[in-house]
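The block underneath contains the structure these notes are about, expressed in structure tokens.
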Amino acid sequence: MLSFLDEKSLSDFLCIPRRTLQRWRVTGDGPPFVRAGLRRIVYRREAVEAWAASREHRHRAAEMMRQPGAET
């Protein structure tokens with residue numbers, strides 16, 4: 001069964017302002033979202049967890065290697 005978070009719930013879960021989520025939807029930096037209605041945005045919990053896992057780093061050097069433009 002699918003589980004969804006609305007914008008406020010995700011904002012609280014990630015401890016970030018709702019405005020940041022809104023900006024991420026424009027820039028594509030945040031987790032994938034679902035437009036559930038004209039003014040209703042929700043996020044699949046599984047997609048949020050996968051997005052967060054893809055941003056997990058063991059140390060700063062590993063993070064730097066994954067950034068665009070970093071030498072490999």
Side-chain angles (χ1 to χ4, degrees):
M1 180 164 159
L2 292 177
S3 176
F4 293 95
L5 297 168
D6 64 9
E7 186 179 80
K8 181 178 181 339
S9 298
L10 184 57
S11 170
D12 293 344
F13 178 72
L14 295 176
C15 301
I16 60 170
R18 290 173 73 175
R19 184 67 186 116
T20 299
L21 290 173
Q22 294 165 1
R23 186 177 66 248
W24 284 352
R25 286 197 301 270
V26 172
T27 62
D29 292 332
F33 63 93
V34 175
R35 184 169 296 281
L38 187 60
R39 301 184 69 171
R40 177 108 169 120
I41 300 293
V42 293
Y43 298 84
R44 280 190 320 112
R45 184 175 297 273
E46 297 82 9
V48 170
E49 291 170 357
W51 172 82
S54 75
R55 299 173 63 88
E56 190 173 284
H57 308 286
R58 295 185 60 79
H59 48 76
R60 181 73 172 134
E63 178 185 13
M64 296 302 294
M65 290 301 294
R66 293 184 63 176
Q67 289 184 350
E71 292 182 26
T72 55

_Heavy-atom closest pair, residues Pro32 and Ala47_ = CG-CB, 4.1 Å
_Would you compute the distance between atom CZ of Arg55 and atom CG of Asp29 and round it to the nearest 0.5 angstrom?_
7.0 Å
*Identify whether Trp24 and Phe13 are in the same connected component of the hydrophobic contact network (ILVMFWY, side-chain heavy atoms under 4.5 Å).*
yes
*asked:* Once salt bridge (charged side-chain N to carboxylate O under 4.0 Å, His left out) is applied, do any residues pair with Arg18, and if so which ones, sequence neighbours excluded?
replied: Glu7
*Should Leu21 and Tyr43 be marked as a side-chain contact (heavy atoms from CB on, under 4.5 Å) after you check the CA-CA gap, both sets of side-chain angles, and the distance that decides it?*
CA-CA 11 Å; Leu21 290 173; Tyr43 298 84; 3.9 Å; yes
*Assess whether side-chain contact (heavy atoms from CB on, under 4.5 Å) is satisfied between Arg45 and Phe4, documenting all intermediate values.*
CA-CA 5 Å; Arg45 184 175 297 273; Phe4 293 95; over 6 Å; no
*Of all residues at least two apart in sequence or in a different chain, which pass the side chain to side chain donor-acceptor pair (under 3.5 Å) check with Ser9?*
Asp6
*Ignoring hydrogens and geometry, is there a side-chain-to-backbone donor-acceptor pair from Arg35 to Leu38 under 3.5 Å?*
yes
_same_hphob_cluster(Trp51, Leu10) at 4.5 Å side-chain heavy-atom cutoff_ = yes
*Do Val48 and Val42 share a hydrophobic cluster, counting only Ile, Leu, Val, Met, Phe, Trp and Tyr and linking them when any side-chain heavy atoms are less than 4.5 Å apart?*
no
_Holding to side chain to side chain donor-acceptor pair (under 3.5 Å), I want the full list of residues that pass it with Arg40, two or more places apart in sequence or in another chain._
none
